[in-house]
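Shown next, in structure tokens, is the structure this report addresses.
Only a predicted model underlies this, so the values are computations on that prediction, with no experimental measurement involved. Basis for what follows: all heavy atoms, side chains included, without hydrogens, waters or symmetry-related copies. In each ligand, atom 1 is the first atom listed, and ligand 1 is the first ligand listed.
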Amino acid sequence: MAKLAVLASGNGSNFQAIAQRLEGTQHVIACMICDRKAAPVFARAHALGIPGYRVSYLKATREEVEQEVLGILNEHRVELVVLAGYMRLLSSLLVDAYPGRIVNIHPSLLPSFPGTNAIEESFESKDYEMGVTVHRVDYGMDTGPVIVQRSLSRIPGETLEQAEQRIHALEHQIYPEVVMNILEDIEKSKQFVCESDRRTL
Ligand code: GRF
């Protein structure tokens with residue numbers, strides 16, 4: 001069994017898609033952490049029976065908040081951190097605590113359109129395709145190594161809202177699968193360590 005935490009700031013539809021994908025598997029979402037008080041993601045966590053934690057950047061530095069986040073992650077023995085709409089840039093404190101074990105989903109074909117208005121910017125652009133990227137998280141904004149990208153062809157006459165819906169539907173297909181694969185790899189690596197320990201005894 002491998003444990004993950006989801007960090008979110010808003011709606012939580014990707015969080016829910018991942019939770020549903022993991023149902024009936026050996027892997028679990030140990031907790032959900034959110035930096036916005038009234039975010040709909042809390043109701044989703046409650047309905048799923050997953051502990052939800054609020055952290056606040058209002059009166060604390062980023063490092064102080066990340067210390068608190070690390071405390072929660074340690075308490076739950078989290079092995080993978082999944083950002084799903086978390087609207088904060090992580091510092092080295094958190095990134096270095098989980099080397100290669102923090103992933104994010106972004107609604108554009110990175111490196112095009114990083115940042116917060118990715119869907120609108122790619123929709124307004126002259127690019128032939130829009131899309132979705134899952135990547136590992138480094139210190140930059142949407143700059144880490146790409147794990148998977150999927151593109152969407154343009155549909156003539158499509159509105160921004162319709163394009164948004166298609167992008168989110170694609171996210172809900174891709175992200176849970178990528179997360180599942182990483183959890184399986186984590187599980188295999190633990191078994192490998194156990195095997196080699198046994199051999200050296
Ligand atoms: C998604 O579009 C994701 O790509 C971006 O933030 C949005 C989060 O949506 N990083 P939700 O909160 O998972 O519904």
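Linking ILVMFWY residues whenever their side-chain heavy atoms come closer than 4.5 Å, directly or via other members, places Val82 and Leu170 in the same cluster. Under the 4.5 Å side-chain heavy-atom criterion for grouping Ile, Leu, Val, Met, Phe, Trp and Tyr, Met32 is not connected to Val65 through any hydrophobic cluster.
For the pairing with Arg166, the salt bridge (Lys or Arg N to Asp or Glu O under 4.0 Å) check across Glu129, Glu161, Glu171, Glu158 returns one residue only, Glu158. Of the options Lys3, Glu79, Glu187, Glu184, a side-chain hydrogen bond (donor to acceptor under 3.5 Å, both in side chains) to His27 is made by Glu184 and by none of the others.
For the pair Arg88 and Tyr57, the cation-pi test (distance below 6.0 Å, angle within 45°) is passed.
Ligand 1 has no N or O atom lying under 3.5 Å from any N or O atom of Ile119, backbone or side chain. Any N or O atom pair closer than 3.5 Å counts here, and Ser13 shares at least one such pair with ligand 1.
Ligand-side atoms of ligand 1 in range of Asn11: 12 (O), 14 (O), range being under 4.0 angstrom from any heavy atom. Atoms of ligand 1 lying under 4.0 Å from at least one heavy atom of His168, given by number and element, are 2 (O).
Evaluated by nearest non-hydrogen atom to atom 10 (N) of ligand 1, the leading choice among Leu170, Val134, Ile105 is Ile105. In this comparison of Gly10, Gly12, Ala17, Gly85, the heavy atom closest to atom 12 (O) of ligand 1 sits on Gly12. Of the candidates Thr133, Val6, Asn14, Ile18, the one placing a heavy atom closest to atom 9 (O) of ligand 1 is Asn14.
Heavy-atom distances between Ala8 and ligand 1 stay at or above 4.0 Å for every pair.
Listed here is the closest heavy atom pair of Ala163 and Met130: CB-CE, 3.7 Å.
No hydrogens or angles considered: nothing links the side chains of His168 and Gln165 as a donor-acceptor pair under 3.5 Å.
Scanning all protein heavy atoms for the shortest distance to atom 3 (C) of ligand 1 gives Glu171 OE2, 3.2 Å.
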